[in-house]
Amino acid sequence: MALDLIIRNARLAGAQAGQPTVAIVDIGVQDGLITAVTPRLSADGPEHDAGGKLVSPGLIESHFHLDKALIVDRVPLQPNRMVRDHMERTASIKHTFTLEDIYARAQATLEQCVLHGVTHMRTQVEVDPNVGLLGFEAIEQLRKDYAWAIDIQPCVFLQEGWTDVPGADENLVGCLERGAPVVGGGIRYDKDGPAQIRRVFELARQYDIDIDFHLDGGYDVKELDYPQVCELTDGIGWQGRVAFGHGSKFSCLPVKAQAAIGRRLGASGVSLAVLPATDLFNAGRHMEHTVMRGVTDANTLIEHGANCTLSTNNVLNPFTPYGDCSLTRIANLYANVVQRDGPKDLGVCFEMITDRAAKLMRLDDYGIEVGKAADLVVWGEERPCDVIAKCALPLASFKRGRQLFSRQLPTLKRPR
C-alpha cells in the first residue's frame, strides 16, 4: 500500500487529560486525510519519524485580532500605567490603515502563528466606520492565499460602538451578505450593550451563522452580560454556536460563584475564550498595589461543565504590546497566573488550545482519527503537560498531510 505520508513512532495523548499516553503508533495519510492510526503500519511512502514523541492535532487560535496586530510602534505612547486608554489609542490611527497595510501586518503575524503549530484560527475583524470593510477584505484575501497552511474563520464585529453609530450596522450586514461565517460584538464600548447583544442574535439567526462576543471584561461584577447571552442562546436554540472572549470579571468572584457560571455556560452550550496576556496586561489599572490579575480560572469553569479555550488575542498592539505568536507560551502564562500545575491541570490547558478550541469553532474534521484532516504537530516532548510546562516549540507541522516547517532543537557545543 502506497501513502502520501507516514508519521512513524507517534505518541498520542490519552483520551482524557491526566490519563497515561497510549501506545506508540504510525499515522498514515492519503489525499490530505488520515487513513490509518495503528502500530507498525505496513505501507510505503514518504516518512517522518516522530521518535516516540508526542504528535497532536494542530493548535487552534480561537480568539485573535490579525487586523490590528503589529501597530504598537504607530500609536501614541501611554501616559502612565494607571490609564486604560488602549481602545482610544488604537482608534486614533485606524484612519491610516490601508488594505495593503492590514494585509502585510496580518500576513507577518499569521506566518509566525503557523510556525508555532497553529493550523486553525478564528480572527476578529473590526468593521467600524473609521476603518470600513478594509480589514474584512484584507483578511478574506489572506484566508484564500494561506488556505494551504491554515484555516481562517473571520468574525466581523464593531469594536467602538453600534447603537446610533451612522454606518455601523450597514458595514456589518455588508460583511454578512458577503459570507462572513461569524458575527460578534464589543459590548463594553456600546452605550446600549443589551441592545447590541439582541441585534447580534437577530443577525445570527437571519444568516444562520455563529456568534462570538467580547464580553464581561473588567472587574465590576455588579453588571454581567453572560446571563443575557445564555438566555438568548437557549431561546433560539443556538447551543454550541455561541462563544465569547475575556470573561475577566469572573476572576473577581468567589469560587462558588464561578462554579455556578460554569454550570450555566455548560447548560447553554456557550464557550469562553480566556485571553491571559491581554487580560493580565489590562487588569487592575485603577489599583496602585496588590494589583488584581484579572485572568479567569478556566479550569474551574471546565470542572463545572463549561467549554473554555485559551488564545493569544493581540500581538504587539496597545491592548497587548507583547507577543511572539507562541500559543504554548500563552498557555504557560495562563497556568502560572491561575496557579495550575501537574499532568491533569496542564493536560486541560493543552486541551484548551486543541480539542476544546475545535469544539468552540465547530470543526468536524479535527483530531487524530481515521477520516479526519491530517493537520498534525510533532513535539519534542512526550506528554501534553510537558508541552505547556516547558513552553515547548513544535518540531514539525503538517496541514492536510503537507509539511509546513521543520525545527531542529539546539545542540550544546561541548569542548573537546
Side-chain angles (χ1 to χ4, degrees), residues 1-17 19-61 111 113-121 146-151 326-328 331 343 346-347 350-351 353-358 363-411:
M1 176 173 61
L3 296 175
D4 294 337
L5 171 69
I6 305 167
I7 298 183
R8 300 283 188 189
N9 305 309
R11 187 182 298 270
L12 306 186
Q16 295 179 1
Q19 289 186 347
T21 52
V22 301
I24 292 175
V25 300
D26 296 336
I27 303 171
V29 177
Q30 185 71 27
D31 297 327
L33 301 178
I34 296 172
T35 58
V37 182
T38 184
R40 297 179 296 278
L41 175 62
S42 178
D44 297 319
E47 296 187 0
H48 182 96
D49 188 358
K53 300 298 187 180
L54 179 70
V55 176
S56 76
L59 302 187
I60 300 173
E61 284 282 13
E111 289 185 357
C113 289
V114 170
L115 290 171
H116 282 92
V118 176
T119 60
H120 295 79
M121 173 186 287
Y146 279 80
W148 54 272
I150 186 169
D151 291 316
S326 169
L327 193 47
T328 55
L346 296 187
F350 193 78
E351 288 178 1
I353 59 175
T354 52
D355 297 294
R356 290 186 173 276
L363 303 178
D364 295 331
D365 64 346
Y366 182 87
I368 303 181
E369 300 175 19
V370 172
K372 304 289 188 182
D375 298 337
L376 305 166
V377 176
V378 180
W379 302 92
E381 307 294 335
E382 294 188 354
R383 302 182 299 172
C385 61
D386 294 326
V387 171
I388 303 302
K390 300 179 183 181
C391 298
L393 293 171
L395 301 185
S397 177
F398 300 82
K399 184 65 177 175
R400 290 184 283 275
R402 178 185 179 276
Q403 187 164 357
L404 299 177
F405 69 86
S406 62
R407 178 180 281 112
Q408 298 297 319
L409 293 175
T411 56

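Contacts of L393 classified as side-chain contact (heavy atoms from CB on, under 4.5 Å), with partners at least two apart in sequence or in another chain: H116, R407.
Closest approach of G371 to L33, counting heavy atoms only: O-CD2, 3.9 Å. Contact record, G367 with P57: CA-CG, 4.0 Å, taken as the closest heavy-atom pair. When all heavy atoms of A357 and I353 are compared, the closest pair comes out as CB-C, 4.3 Å. When all heavy atoms are compared, the tightest approach of I6 to G45 is CD1-N, 4.1 Å. For the pair V55 and A10, the tightest heavy-atom approach, listed with the atom from each and the gap, is CG2-CB, 3.4 Å. Closest approach of G347 and C385 over heavy atoms only: N-CB, 4.3 Å.
No side-chain heavy atom of D44 sits under 4.5 Å from any side-chain heavy atom of L3. Two residues are said to be in side-chain contact when any heavy atoms from C-beta on lie closer than 4.5 Å; R402 and W148 meet this criterion. A 4.5 Å side-chain heavy-atom check between S56 and F350 finds at least one atom pair inside the cut-off. Side-chain contact between S42 and M1: absent, with no pair of heavy atoms (C-beta onward) separated by less than 4.5 Å. Residues L376 and I27 have side chains in contact (heavy-atom distance under 4.5 Å, counting atoms from C-beta outward). Residues L41 and V25 form no side-chain contact, since every pair of their non-hydrogen atoms from C-beta on lies 4.5 Å or further apart.
Each of L5, D365, I368 was compared with I34 under the side chain to side chain contact (heavy atoms under 4.5 Å, CB included) criterion, and only I368 meets it.
For residues 385-400, the set of pairs meeting the side chain to side chain donor-acceptor pair (under 3.5 Å) definition, not counting sequence neighbours, comprises D151-K399, D375-K399, E381-K390, R383-D386. Residue pairs meeting the ring-ring contact (aromatic ring centres under 6.0 Å, His included) criterion with at least one member in residues 37-59, sequence neighbours excluded: H48-F398.
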Checking D31 against D4 for the side-chain contact (heavy atoms from CB on, under 4.5 Å) test, could you report, in this order, the C-alpha distance in whole Å, the side-chain angles of both residues, the deciding distance, and whether it holds? CA-CA 7 Å; D31 297 327; D4 294 337; 3.9 Å; yes
Start with the C-alpha distance between Y366 and K372, add both sets of side-chain angles, then the distance that settles side-chain contact (heavy atoms from CB on, under 4.5 Å), and finish with yes or no. CA-CA 6 Å; Y366 182 87; K372 304 289 188 182; 6.0 Å; no
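Note: R11 CZ to K53 NZ = 8.0 Å, rounded to the nearest 0.5 Å. Interatomic distance, L395 CG to L54 CG, rounded to the nearest 0.5 Å: 10.5 Å. Once rounded to the nearest 0.5 Å, the distance linking CG of D49 with CG of N9 reads 4.5 Å. I7 contributes atom CD1, which lies 9.5 Å from atom CG of D26 (distance to the nearest 0.5 angstrom). If you take CG on L346 and CD on E351, they are separated by 11.5 Å, rounding to the nearest 0.5 Å. Remark: L327 CG to I60 CD1 distance equals 9.5 Å, nearest 0.5 Å.
Looking only at distances, no side-chain donor or acceptor of Y146 sits under 3.5 Å from a matching main-chain atom of V114.
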